[in-house]
Structure formats: C-alpha cells, structure tokens
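Worksheet: one structure, shown below.
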Amino acid sequence: MAITLYGDLNSRAHRVAWMLKELQLPFKHVPTGFQDGSTHQPEFLQINPNARVPALIDGDLVLFESLAINLYLARCYGGGTLGPDGMVEEAQATQWSLWVANEVEKTLLFAAANCFLFAPDQRNPDEAQMALRKLERPFAVLESRLRGQRWLLGSRFTVADLNVCAVMTLLPLAGIDVSNWPAMQDWLHHCLERPAAADWKPIRFTIPRPATQLGLLQMFV
Ligand SMILES: N[C@@H](CCC(=O)N[C@@H](CS)C(=O)NCC(=O)O)C(=O)O
C-alpha cells in the first residue's frame, strides 16, 4: 500500500483520515500516540522531526502538517472536485487553510482547554471568555463568506471546507453556541453530515478524559 498515515485519531490525524476517506484512497493507518512519548521515538523522528502527528508517507514523499497534507492529497488525488480547480481556487484553498490555522486554531484550542480539556481545578473561565471574544472576529468573517454560498469556494465541497471544518470540530469542547452564526452553523452541519466525516466524528467528539496537567496543552498546539 502506497499511503501510510501516522497518528492516533484523537489527534489532528483525524483531519487527514477524513480527507483520505473522502478520496476513497486505501491507506495504512499507524495510530502513533501523542501522549505516550511515541512521537519522540527515533523511528518516528525520522518521519517527522517535529515529534508530532499526523505525518503521511505517499511513496517517496514524507509530509507533516495536517492541513498541508490535505492540500497535497486534494491536489494530487482530488481532481477538480475536492481539489482546487485552477490557480484561483488553489490560492483560495491555501488562504482558508492558513486562515483557520492562524486566526482560529490556537484560540479555539485555548478556549476548549479552559472549558473542558483541563482538569476542572485548572480551568480559568476568564481565559475561556477572553478566547471566545477573540474568536468573534474570525467567526464573523466566515459567517459573511458563507452567507449566500453553500461552500467556501462556491458551489461544491472542497479541501478548503474540510480543513476549516476539521479545526472547528473543537467547537463543542469550547462550549460555543454556534447559533449566533447561522450560516456557519448550517455549513458545519453540511460538512459533518458527509459520510466520510461521520467515520471519524464520534471518535473526535469523545475526548477520553480531562487533562490533568497544564503542560498537556503543549501537545495539542
Ligand atoms: N500544526 C501541526 C500540529 C501537530 C500537533 O501539534 N500534533 C499533536 C497532536 S494533535 C502532537 O503530535 N503532539 C505531540 C507532542 O507535542 O509531543 C499539524 O497541524 O499537523
């Protein structure tokens, strides 16, 4: 089998698993853990020297960074459906992937940590509130983009939707009520009802236990 995905599906590897399933690509899954030191083992460091999952091997190509892996898979195997169709769409898919990583991901994770991921006595509601307020600006941007068009690039689901939605799966953990952003709420629903998303969603939505140490956050960011 040519493609191997490394990473426990409770990690960001779920993003890549979703993409591989959308593309119906056969792949070998190695569920490398990220909380048990496995990413720091010499064999894994040869694959990703950052000691993080996911990582993907496709033939001779070794890649890290979940959203970049998905952009590659979509471009290589997604044709003009999941993949960008032409330079303009390529630029837009890159834009939305970088946008969600830079404008949303860390803040959302911080909110989720202070709402759920940290052990109860380590949660700080003020920090969670501050993070939620910070998210209002990017959420308004997404809401405005999705008002009047079903998907981020227009009329079809693409890697841009998948990458942005996959990061947004942290929303329930941050206790965010998305009904304030109705277009975003509809869009999330449409993304997550896709059969390929359903495969991993239950795993992602059942985080095993609250973290007991603040340091654990570093493993997610
Ligand atoms: N920006 C990277 C982040 C990867 C990342 O932080 N992965 C976490 C799991 S979700 C990890 O492997 N942590 C292990 C560690 O930091 O030791 C991506 O999107 O792939």
Side-chain angles (χ1 to χ4, degrees), residues 1-22 25-73 97-98 100-102 104-124 127-128 131 162-175 196-221:
M1 203 174 287
I3 299 182
T4 305
L5 168 64
Y6 294 85
D8 176 342
L9 291 183
N10 265 324
S11 75
R12 287 167 173 86
H14 75 83
R15 302 170 178 178
V16 180
W18 181 7
M19 174 55 88
L20 288 164
K21 285 177 183 182
E22 287 283 354
L25 288 170
F27 66 100
K28 180 177 163 199
H29 181 218
V30 180
T32 310
F34 66 100
Q35 297 181 59
D36 60 1
S38 303
T39 56
H40 294 265
Q41 294 306 308
E43 319 82 73
F44 185 78
L45 289 173
Q46 298 223 325
I47 297 165
N48 185 357
N50 298 290
R52 294 187 189 268
V53 286
L56 180 115
I57 297 185
D58 183 11
D60 291 335
L61 178 67
V62 185
L63 277 179
F64 52 78
E65 282 298 326
S66 57
L67 304 182
I69 293 171
N70 281 349
L71 287 166
Y72 160 75
L73 289 171
S97 302
L98 291 178
V100 78
N102 289 311
V104 176
E105 186 172 23
K106 277 199 177 155
T107 311
L108 185 52
L109 194 54
F110 201 64
N114 281 292
C115 269
F116 181 82
L117 292 172
F118 288 162
D121 62 337
Q122 291 173 337
R123 294 175 198 163
N124 181 335
E127 298 274 16
L162 193 154
N163 275 352
V164 174
C165 179
V167 171
M168 294 286 187
T169 57
L170 284 165
L171 282 167
L173 301 185
D199 271 358
W200 56 263
K201 190 171 55 174
I203 301 170
R204 185 63 190 167
F205 274 61
T206 324
I207 292 285
R209 61 187 180 284
T212 50
Q213 294 168 353
L214 285 171
L216 192 67
L217 183 60
Q218 285 162 356
M219 292 189 170
F220 286 92
V221 297

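Only a predicted model underlies this, so the values are computations on that prediction, with no experimental measurement involved. Below, all heavy atoms of this structure are taken into account, side chains as well, without hydrogens, waters or symmetry copies.
For the residue pair Thr39 and Arg52, the shortest heavy atom distance occurs at CB-N, 4.1 Å. Residues Ala131 and Phe110 share a closest heavy-atom pair of CB-CD2, 4.4 Å. The two atoms that bring His14 and Thr169 nearest to each other are CE1-OG1, 3.7 Å, heavy atoms only.
By the neighbour-count criterion of 12 heavy atoms within 6.0 Å, atom CD of Gln46 is sparsely surrounded, having that number or fewer from other residues, nucleotides or ligands.
Note: Leu45 CG to Asn50 CG = 9.5 Å, rounded to the nearest 0.5 Å. To the nearest 0.5 Å, the span separating CZ on Phe118 from CD on Glu127 amounts to 9.0 Å.
Here Leu98 pairs with Thr94, Asn102 under the side chain to side chain contact (heavy atoms under 4.5 Å, CB included) rule; sequence neighbours left out. Looking at residues two or more places apart in sequence or on another chain, you find no side-chain hydrogen bond (donor to acceptor under 3.5 Å, both in side chains) involving Thr32. Remark: Asn163 pairs with Asn70, Ser97 by the side-chain hydrogen bond (donor to acceptor under 3.5 Å, both in side chains) rule, at least two apart or across chains. Residues forming a side-chain hydrogen bond (donor to acceptor under 3.5 Å, both in side chains) with Asn124 (at least two apart in sequence, or on another chain): none. Judged as a side-chain hydrogen bond (donor to acceptor under 3.5 Å, both in side chains), and not counting sequence neighbours, the contacts of Ser38 are Asp36. Every residue meeting the side chain to side chain contact (heavy atoms under 4.5 Å, CB included) condition with Ala174, not counting sequence neighbours, appears here in chain and number order: Leu108, Ala111, Ala112, Ile176. The side chain to side chain contact (heavy atoms under 4.5 Å, CB included) test applied to His29 returns Leu5, Leu9, Phe27, Pro31, not counting sequence neighbours.
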side-chain contact (heavy atoms from CB on, under 4.5 Å) between Trp18 and Leu162: does it pass, once the steps are laid out? CA-CA 8 Å; Trp18 181 7; Leu162 193 154; 3.7 Å; yes
Decide side-chain contact (heavy atoms from CB on, under 4.5 Å) for Arg12 and Glu105; before the verdict, give the C-alpha distance in whole Å, the side-chain angles of both, and the deciding distance to 0.1 Å. CA-CA 11 Å; Arg12 287 167 173 86; Glu105 186 172 23; 2.8 Å; yes
Apply side-chain contact (heavy atoms from CB on, under 4.5 Å) to the pair Leu117 and Arg123, showing each step before the final yes or no. CA-CA 8 Å; Leu117 292 172; Arg123 294 175 198 163; over 6 Å; no
What pairs of donor and acceptor atoms, side-chain ones from residues 53-68 against any protein atom, are under 3.5 angstrom apart with sequence neighbours left out?
residue, atom, partner, partner atom, Å
Asp58, OD1, Tyr77, OH, 3.3
Asp58, OD2, Tyr72, OH, 2.6
Asp58, OD2, Tyr77, OH, 2.5
Ser66, OG, Arg15, NH1, 2.9

